[in-house]
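Just below is one structure, and these are the notes that go with it.
Nothing fancy with the numbering, it's 1 onward along the sequence.
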Amino acid sequence: MLRQVLLQASRSEVVRSVIENAPVSRHVVARYVPGTRDEDAVRACRELLGAGLTASLDHLGEDTADPNQARAVRDAYVTVLGRLAEAGLTEGGRVEVSVKLSAVGQALGGDGEKIALEHARAICEAAGAAGTTVTLDMEDHTTTDSTLEILRELRQDFGWVGAVLQAYLYRTEADCRDLAVEGSRVRLCKGAYKEPPSVAFASAQDVDRSYVRCLSVLMAGRGYPMVATHDPRLVDIAGALAVRHRRTPGDHEYQMLYGIRPDEQRRLAGEGETVRVYVPYGSQWYGYLMRRLAERPANVGFFLRSLITKG
């Protein structure tokens, strides 16, 4: 119930206004979002690499309804990729970027999908020049087919473009089978959007079972699975599946969010696993933060206490 309330709030302009204007101390948001500027993003990525981790950088924003804003998001990615490369952080894909297609025009309607493809292609060109990769984030179920079509188009020129699949959707096991091919980078997450029961599992247990089925397909395939979870049980299952399918640390990776289970991130990296931290930055942090709270309701008390902290 709490999860559904938080996901609803993530789309509410009224709640957004209340929270963005509340006296929330900087460290509350900074727990999940290291800053709003390119410099903040570069700093956070440099620190993660220094700790033996890798990173995927997300310029926050989604559901862009203005073509000028879509171009601005594209330009922001191209700029930050240049800065990451200048700082020596992108070689070998150590720091890549994750892109929400709705932020670069997918939600515009009409030619929105074409616009998003053009902007995503420009970002991929910048990533290729920087020696790194791009992963296309997945959003709510209404965008899945469009996102996978854009993925197919981009992979014709940039075979390393990564996909994201969400285990809570009924369709995802079949999508995993389609994408578990040679060289295919696939991030598997549980899913963080409010979805109707006609398309998605509702109970946590059913989502977990689906996650294991989907991950089994990816681990048995010839692609590069990216295991995006903080759940200790699923991390253990992923390790067991990797052993069963004779995978080594270089042919799959674990992914976790900035600020979530940092000790576990370092533990896995210390055991020789590749661990990539999803690093969001920018001023559009509200929707992202609410979905993180929905994923981990235990954080709600921490956040609410911070809302009433003065100064």
Side-chain angles (χ1 to χ4, degrees), residues 48 51-56 92-96 98 132-138 144 147-148 151-152 154-156 158-192 200-201 203-257 260-278 295:
L48 290 168
L53 305 164
T54 61
S56 188
R94 293 187 302 162
V95 177
E96 64 144 29
S98 289
T132 192
T133 56
V134 175
T135 296
L136 300 183
D137 277 331
M138 193 62 77
T144 302
T147 298
L148 292 178
L151 173 75
R152 284 188 283 270
L154 290 173
R155 281 187 170 179
Q156 293 181 26
F158 311 98
W160 38 254
V161 175
V164 177
L165 296 176
Q166 299 166 312
Y168 67 178
L169 296 180
Y170 301 144
R171 63 174 289 169
T172 297
E173 187 173 351
D175 287 332
C176 285
R177 295 186 189 282
D178 290 341
L179 290 174
V181 297
E182 184 73 33
S184 178
R185 299 169 57 247
V186 180
R187 176 195 299 158
L188 180 66
C189 63
K190 289 186 179 182
F201 297 105
S203 76
Q205 293 86 352
D206 285 340
V207 174
D208 285 353
R209 293 188 188 104
S210 176
Y211 193 100
V212 174
R213 291 194 300 272
C214 293
L215 184 59
S216 296
V217 171
L218 294 175
M219 286 290 191
R222 302 178 63 191
Y224 183 85
M226 300 183 287
V227 186
T229 183
H230 309 96
D231 187 324
R233 296 169 303 158
L234 294 180
V235 169
D236 289 343
I237 289 170
L241 287 171
V243 171
R244 178 186 302 175
H245 295 290
R246 298 182 180 179
R247 287 186 171 271
T248 61
D251 62 16
H252 66 284
E253 67 182 47
Y254 293 88
Q255 297 193 352
M256 295 186 184
L257 299 171
I260 304 292
R261 301 196 73 199
D263 291 342
E264 176 68 358
Q265 295 170 16
R266 289 190 290 269
R267 183 191 71 80
L268 288 167
E271 293 179 355
E273 300 287 356
T274 300
V275 180
R276 191 173 302 275
V277 180
Y278 188 93
E295 289 174 345

Nearest 0.5 Å please: distance from the [atom1] atom of [X] over to the [atom2] atom of [Y].
| X | Y | atom1 | atom2 | answer |
| --- | --- | --- | --- | --- |
| Arg246 | Met219 | CZ | CE | 15.5 Å |
| Thr229 | Leu215 | OG1 | CG | 9.5 Å |
| Asp178 | Arg152 | CG | CZ | 8.0 Å |
| Met138 | Cys189 | CE | SG | 8.5 Å |
| Arg261 | Leu257 | CZ | CG | 12.0 Å |
| Arg266 | Leu53 | CZ | CG | 7.5 Å |

With Tyr224, which of Arg187, Arg247, Glu182, Glu253 fulfils side-chain hydrogen bond (donor to acceptor under 3.5 Å, both in side chains)?
-> Glu253
Below 4.5 Å, heavy atoms only, C-beta onward: do [X] and [Y] meet side chain to side chain?
| X | Y | value |
| --- | --- | --- |
| Glu173 | Val217 | yes |
| Leu136 | Leu148 | no |
| Trp160 | Leu154 | no |
| Tyr254 | Glu273 | yes |
| His230 | Glu264 | no |
| Arg222 | Val181 | no |
| Leu188 | Val164 | no |
| Leu241 | Ser216 | yes |

Would Thr274 and Thr54 satisfy side-chain contact (heavy atoms from CB on, under 4.5 Å), going step by step from the backbone distance to the final call?
-> CA-CA 7 Å; Thr274 300; Thr54 61; 4.3 Å; yes
Go through the steps for Leu151 and Val161 under the test side-chain contact (heavy atoms from CB on, under 4.5 Å), then give the verdict.
-> CA-CA 7 Å; Leu151 173 75; Val161 175; 3.7 Å; yes
Decide side-chain contact (heavy atoms from CB on, under 4.5 Å) for Thr133 and Arg185; before the verdict, give the C-alpha distance in whole Å, the side-chain angles of both, and the deciding distance to 0.1 Å.
-> CA-CA 10 Å; Thr133 56; Arg185 299 169 57 247; 3.6 Å; yes
Of all the heavy-atom pairs spanning [X] and [Y], show the shortest one and how long it is.
| X | Y | value |
| --- | --- | --- |
| Ala55 | Leu48 | CB-CD1, 4.1 Å |
| Gly52 | Ala269 | O-CB, 3.8 Å |
| Leu234 | Lys190 | CD1-CE, 3.5 Å |
| Cys176 | Cys214 | SG-CB, 3.7 Å |
| Arg267 | Val235 | NH2-CG1, 4.5 Å |
| Ala192 | Gln166 | N-NE2, 4.4 Å |

Criterion side-chain contact (heavy atoms from CB on, under 4.5 Å) on Met226 and His252, from CA distance to verdict | CA-CA 6 Å; Met226 300 183 287; His252 66 284; over 6 Å; no
Got a sec, which pairs hit salt bridge (Lys or Arg N to Asp or Glu O under 4.0 Å) with one end in residues 232-241, sequence neighbours left out?
-> Asp208-Arg233, Asp231-Arg233
Counting distance only, does the side-chain N/O of Ser210 pair as donor-acceptor with the main-chain N or O of Ala167 below 3.5 Å?
-> yes
Is there a donor-acceptor contact under 3.5 Å from the side chain of Arg276 to the main chain of Ser56?
-> no
Are side-chain N/O atoms of [X] and [Y] paired as donor and acceptor at under 3.5 Å?
| X | Y | result |
| --- | --- | --- |
| Thr132 | Glu96 | no |
| Tyr278 | Asp137 | yes |
| Arg213 | Thr172 | no |
| Ser98 | Thr135 | no |

With sequence neighbours left out, what residues match Arg94 under salt bridge (charged side-chain N to carboxylate O under 4.0 Å, His left out)?
-> none
Residues at least two apart in sequence or cross-chain that pass salt bridge (charged side-chain N to carboxylate O under 4.0 Å, His left out) with Arg171, listed by chain then number, are Asp145, Asp175
